[in-house]
Novice: 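This structure is in structure tokens; I'll ask about it shortly.
On a predicted model such as this, the values are computed, not experimentally measured, just so you know. Just so we're on the same page: letters track the sequence lines, and every chain starts at 1.
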There are 2 protein chains.
Amino acid sequence: MGLTKTEAFTDQQNDLANLAKAMAHPARIAILEHLIKVNACVCGDLVDELPLAQATVSQHLRELKAAGLIKGNIEGTSVCYCIDTDRWRTIRERFLSLFDRCCGPDSSCC
Amino acid sequence: MGLTKTEAFTDQQNDLANLAKAMAHPARIAILEHLIKVNACVCGDLVDELPLAQATVSQHLRELKAAGLIKGNIEGTSVCYCIDTDRWRTIRERFLSLFDRCCGPDSSCC
DNA sequence: TTGTTTCATTGCAATATTACGATGAATGAC
DNA sequence: GTCATTCATCGTAATATTGCAATGAAACAA
């Protein structure tokens with residue numbers, strides 16, 4: 001079906017899954033890494049950084065923006081993107097709250 | 001096309017994207033949370049915990065296993081699943097190494 | 001005005017994912 | 001041996017994702 005039964009899960013489960021989905025593509029990881037590296041707004045050269053067509057990059061940027069990982073603001077004729085630092089910290093905590101709930105040195109599975 | 005250009009990105013970018021993809025579904029988040037909660041091997045009752053058919057749950061378990069997040073070992077007539085604790089810590093670090101590369105209190109984007 | 005640049009959006013084709021019924025393989029009970 | 005239980009796999013239908021060419025929309029230069 002290709003249709004996720006989102007209504008059958010909690011909001012928190014769906015939220016974390018959506019955040020993971022936003023990061024579930026190497027191009028989007030590459031975009032995030034580039035934005036982090038330059039540590040500033042990036043206007044325009046993202047298409048040059050990636051081995052993808054302009055339309056495809058724009059689509060990935062829209063998904064990252066929809067997930068709240070990045071912000072974009074118009075600057076004259078170009079658009080500048082950067083990490084949404086406030087949300088970034090929140091998202092980091094969302095992932096950590098799952099990772100840290102498990103597997104201390106004493107956990108004895110299987 | 002639906003075909004990701006994996007060859008155009010680094011192994012590390014593809015690896016992290018694949019880990020994120022494994023977590024990019026609320027059912028798989030729910031499975032991980034349940035395995036964490038009981039902190040032990042779970043044999044059989046996973047299907048009862050989820051609002052999905054047995055075949056669907058099995059498919060999700062296979063993806064989590066392929067990504068290395070969980071382990072499964074046969075125990076008589078049933079199969080037991082649990083978090084792969086060693087890999088879990090490694091995966092945690094992979095995510096943190098991205099999250100912690102950005103956005104200290106002084107970062108001044110946009 | 002016309003042209004240029006920059007990015008978003010549309011439309012499409014190829015592939016991937018999700019879900020489930022049906023079936024299969026393996027184990028244990030009897 | 002038969003039968004039930006448990007889980008994996010196959011096949012299939014519905015939907016989602018990925019990628020790109022083509023086209024728009026907005027800002028600026030001349």
Novice: Which part of the nucleic acid, if any, lies within reach of B/Thr4 when heavy atoms closer than 4.0 Å are counted: base, sugar-phosphate only, or nothing?
Specialist: sugar-phosphate
Novice: Measure distances between side-chain N and O atoms of A/Gln59 and base N and O atoms of C/dA8, and say whether any donor-acceptor pair falls under 3.5 Å.
Specialist: no
Novice: Round to the nearest Å and state the distance from B/Ile74 atom CD1 to C/dT27 atom P.
Specialist: 8 Å
Novice: In whole angstroms, how far is the C1' atom of D/dT17 from the CG atom of A/Leu52?
Specialist: 14 Å
Novice: 5'-most contact on DNA chain D: A/Gly76 or A/Arg28, nearest heavy atom basis?
Specialist: A/Arg28
Novice: Report the distance from atom NZ of A/Lys65 to atom P of C/dA8, rounded to the nearest whole Å.
Specialist: 7 Å
Novice: OP1, OP2 of D/dA8 versus side-chain N and O of B/Arg62: anything below 4.0 Å?
Specialist: no
Novice: Does B/Arg87 reach the main-chain N or O of B/Ala67 with its side chain, forming a donor-acceptor pair under 3.5 Å?
Specialist: yes
Novice: When you measure from the side chain of B/Leu3, which nucleotide among C/dT15, C/dA22, D/dG19 comes out closest?
Specialist: C/dT15
Novice: Quick one: A/Glu75 CD to D/dA26 P, roughly how many Å, whole number?
Specialist: 19 Å
Novice: If each of A/Thr6 and A/Leu61 is mapped to the nucleotide of DNA chain C with the nearest heavy atom, which maps nearer the 5' terminus, i.e. the 5' end?
Specialist: A/Leu61
Novice: As a test of reading the structure: which of C/dT9, D/dC7, C/dA19 is closest to the side chain of B/His60, going by heavy atoms?
Specialist: C/dA19
Novice: Parallel, tilted or perpendicular for B/Phe99 and A/Phe95, by the 30°/60° rule?
Specialist: tilted
Novice: Starting the side chain at C-beta, find the nucleotide from C/dT9, D/dG19, D/dT6 nearest to A/Ala55.
Specialist: C/dT9
Novice: Let me know the distance between NZ of A/Lys71 and P of C/dC7, rounded to the nearest Å.
Specialist: 18 Å
Novice: Round to a whole Å and report the spacing from NZ of A/Lys21 to P of D/dT15.
Specialist: 15 Å
Novice: Measure from the side-chain heavy atoms of A/Ala53 and tell me the nearest of D/dA8, C/dC7, D/dA21.
Specialist: D/dA21
Novice: Can you identify which nucleotide, out of C/dT9, C/dA19, D/dC7, has its nearest atom closest to the A/Lys5 side chain?
Specialist: C/dA19
Novice: From the set C/dT6, C/dA19, C/dC7, return the single nucleotide nearest to any side-chain atom of A/Thr77.
Specialist: C/dT6
Novice: Is there a donor-acceptor pair under 3.5 Å between the side chain of B/Arg28 and the backbone N or O of A/Ala17?
Specialist: no
Novice: Tell me the interatomic distance from B/Leu50, atom CG, to D/dC7, atom C1', rounded to whole angstroms.
Specialist: 15 Å
Novice: Please check the phosphate of C/dC20 (OP1 and OP2 only) for any side-chain N or O of B/Thr56 closer than 4.0 Å.
Specialist: yes
Novice: Only one of B/Ile83, B/Leu64, B/Asp84 clears side chain to side chain contact (heavy atoms under 4.5 Å, CB included) with B/Leu69; which?
Specialist: B/Leu64
Novice: Roughly, in whole Å, what's the span from CD in B/Gln54 to P in C/dA22?
Specialist: 13 Å
Novice: What is the minimum heavy-atom distance between A/Phe9 and B/Leu50, and which atoms define it?
Specialist: CE2-CD2, 4.2 Å
